[in-house]
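Single-structure report; data block below.
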Amino acid sequence: MVAFIIRRIVQAFLVMFIISSIGFAIKHNVGDPVWQITGISVSKAERERIREQLGLNDPVYIQYINFLKNAAHGDLGQSYFYKKPAADVILDKAPATLELVLVSSMIIVVLSIPLGVYAAIYPKRIFSRVVMGGSIVGVSIPVFLIAIMGVYLFSVHLGWLPSFGRGATVNVGGWRTGFLTVDGWLHLILPSLSLSSIMLPLFIRLIRSEMMEVLESDYIRYAWAKGLKKYRIWFLHAFKNTLLPVITVGGVQLGITIAFTILTETVFQWQGLGFLFMEAVERSDTALLVAYLMFVGMIMVVVNTVVDIIYGVVNPTVRIAGTK
Amino acid sequence: MSALLQVQDLTVNFALRTGDLTALNGVTFALGEGERLGLVGESGAGKSVAGFAIINLIGKPGYIAGGRVLFQGEEISALPEEAIRRIRGHRISMVFQDPMMTLNPVLTIGTQMVETLQAHRNIGQSEAEAIAVDKLRQVHIPSPEKRLHQYPHEFSGGMRQRIIIAIALLNDPQLIIADEPTTALDVTIQAEIMDLFLELCRQTRMGLILITHDLAVVSETTEKIAVMYAGEIVEEGRTEDVVRRPRHPYTQGLIAALPQGDDQRGTRLNQIPGTMPTLTRIPPGCSFHPRCPHAMDVCSERAPGPLPVAYPDGGGGMAACHLYDPNLGDR
Amino acid sequence: MTDRWQRFKKSALFHDFKGDKVAIVSFATLVLLFICAFSAPLIAPYNPYDSANIDIMSSEIPPVWMAGGTNDYLLGTDAQGRDLLSTMIYGMRISIIIGICAVALQAVIGIIIGLIAGYYGGKLDGFFMRLADVQLSFSYLMVAIFVSAVLQAAVGVGRFAEIAVPFLIIVIGLAQWPQYARTVRASVLAEKKKEYVEAARVTGFGAHRIMWRHILPNCMSPILVLSTIQVANAVMSEAALSFLGLGMPVTRPSLGSLINAGFEYIFSGSWWITAFPGVLLVILVLAVNLLGDFLRDALNPKLYKG
């Protein structure tokens, strides 16, 4: 088990190393940091001085090592638009996105497990068919379209819910949260529902198909033959085996949700990382782009590593053998 | 010997898109207290379906289309779900074919044993564990207390099958249905497991239905044999009668195909020509007639009913074959 | 050819298809949409790329059945005064072309890597599958968005618009190869155990021939199912990128960029600019997904989940 965890962590570092290399390559090749810092109204000599100061005349490998050193200390460069360290900008915006993802994940978990399990246990019931039909329609509607529909219906047409922004937030030790105000929650409803709209059907389908496969297995038939009560068979024997693949795939999918925050936040002008990212793209704010890459990359690597380790804890086969 | 189990005219169909398929066609047999019966046939003959049908646990498209199962005089084939649940694993236990697939991989052996006890009896954890340890010892698992906390994958195939047998014994059932319990195991372990079955049956006087394709295994273990072909029982009788003096041409073919110990090496095994029909293509009349060396005209016209056959020592059996119909004249 | 058709008509797949209303309807819808898309210059009332047809004075005209609608523009006009129906048909053509080409690209890359990884195994296999793991864990959409964003930042919006189509094909194609690679690899591993492969090897066929002529044809059903799902995914990805302004420019809009262009106007009540392209996109993707579902149920291949 320990060996397994260590190997996963080494792998995580390796991936972070690759990501940082990509980040460096982008930083090195896209955009001119001197121009971004100074603007156009600076003499050539002055520019050259700044170049030298920033270490841009050093050999590439030295620059790369410096980049890694700085990144390890949390220094991801200056955002030229915000005129402050990119890492600070990211950390400032991160709570908005993390809260959005958290609420969406809750919605997904709370709804997908009962619906998926129900559809697996009673595949022929009308409700199951409605759920499955709804889920395929759900995966076919792009996230931004659901968001737009939501805005049109509940904000423009009915006027029930706000259409953009986070609403009133409370600053708790540097973390600006929308969880503590009614207004904040009202603003969360549409974005979080839109964000969960893509993953919820996927999770329902995943849980259903895994559970149905498990229900067909020999050990479930054997559980019936032992005369166990049906709830024990469904919710312990079958569900625990369903969880294993769902955890691995699900962990990856939750990481993917971050990509969809870009779409959701764009529609709702949600002041989070995704919105920040699109702004940075429009302004060619390379440092911020790279910082975003590193930050999101790190989140995904952490999530995946944790998921793998949880998988190892839940699955006795991995725990003993130490291999996956 | 009072009847433990009576299966009467049991018919199982599978509902498919193209219509119903009959997997089990009017199967009838009986088992006394503590009696051991071998249910023999090729794969696809319906042996396993028969085993599962007894405890009303047929896979999805399948359903019991007719007949009934009496267990200790009670008609269990008509019981509601909760009532039949109380019988499964309690008074009738099952042992499955592949021990690698039978135990739940994510639950410890202890959990899987304790739950079986608690599903049928109102007992606490420690008491249940004590019984579990006792039964593990009975199937010769060393240091059973430690084993309770281990997961299935920590055991070899033979060990797992012992555990499954221990689980089957937990509630001291009157009947064990063992579906090919040794097929997935190594040959040396097969013999150990069969010996264990014999030993346990003798100790506890519980009934055993041994479902297998292996006549040799059955002949060493059971008192009675029922031979199945294409969803029907074609011959039934005491083991030594059926093995030594098979009456149905199919059984004769099976016996002839067995490798004999005193046979000379290099001689070919006698095989029955052709293959068993799939359920979709069961021929009219006797389902065996296209492969039967003694086929007569009547065989393709109507199916033979169960006919009594006699043995020289006065014993009797049954064969479903027109050859034994006294009304059909000469044999 | 007729011989193949006859065989196909007798196959189980065709039998299942005949009995499945949903599959028939979605297949018919798809055929219809494809015909419309590829005969766009013939059936579209206007050519949206021709600036002669664009009149800013006729912008935001509602559909014909609403007050202010005219018979000239069946579904109304967009914010630039283009006929919405024509623009949608052309846009769908772009969406479909990008979707199919991107899937073709990822299929080629994924199949080659999957075959090699599965057939040779060992270090090569380990390397490619780790790579696939890492890339999958980053979400194809994230990769595609990021690459597009960086490229746009690097070359500038104007230049980016010119190369948008091939670029989108490459970026979506590269972002999704791991799905194919894993599926093909799993099939190869399953097929490799079978006797015919052993037979071919003993006969002295080279690895190349065994892979392409013997193993690959037996991996076709998972590939077919996966391809269907992936076309839906690719169309969705393209729409998402275009919606973010990282895909097709408004001058040559795909369905996604049309939705994006219309989004600003729903607050002023011009919902149709977003709604109609949105509905068309959903119908297109839904039809592909339903067909994919049917194929999966009918062929029931082992797909890699992820």
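Quick note on labels: first sequence line is chain A, next is B, and so on, each numbered from 1.
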At a heavy-atom separation under 4.5 Å, does [X] approach chain A through its side chain, its backbone, both, or neither?
X	value
B/Ile55	side chain
B/Ile164	both
B/Ser93	neither

| message | Can you tell me which portion of A/Arg232 sits under 4.5 Å from chain B's heavy atoms? Options are side chain, backbone, both or neither. | response |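 Side chain of A/Arg232 only, per the 4.5 Å heavy-atom cut-off to chain B.
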| task | With a 4.5 angstrom heavy-atom cut-off, could you sort out which part of A/Leu236 is near chain B: side chain, backbone, both or neither? | result |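 For A/Leu236, the side chain is the part near chain B, not the backbone.
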Which heavy atom of [X] sits nearest a heavy atom of [Y], and at what distance?
X	Y	answer
A/Asn241	B/Pro105	OD1-CG, 3.4 Å
A/Trp224	B/Arg88	O-CD, 3.3 Å
A/Gly227	B/Ala119	O-CB, 3.7 Å

Measure the spacing between [atom1] of [X] and [atom2] of [Y] and express it to the nearest 0.5 Å.
X	Y	atom1	atom2	answer
B/Thr116	A/Tyr222	OG1	OH	6.5 Å
A/Arg221	B/Met94	CZ	CE	7.5 Å
B/Gln118	A/Lys229	CD	NZ	10.0 Å
A/Lys240	B/Leu107	NZ	CG	5.5 Å
B/Asn104	A/Asp218	CG	CG	11.5 Å

| field | Heavy-atom pairs under 4.5 Å with chain A, option from B/Arg86, B/Gln97, B/His120, B/Glu81 with the top count | value |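 The answer is B/His120.
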Heavy-atom count around [X] [atom1] within 6.0 Å, excluding the residue itself: above 12?
X	atom1	answer
A/Phe235	CZ	yes
A/Met212	CE	yes
B/Tyr63	OH	yes

| said: Any heavy-atom pair between the side chains of B/Gln112 and A/Tyr219 that's under 4.5 Å? | reply: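 Heavy-atom side-chain distance check fails, nothing below 4.5 Å.
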| said: Taking the side chain as everything from C-beta on, heavy atoms only, tell me whether B/Arg85 gets closer than 4.5 Å to A/Lys230. | reply: no
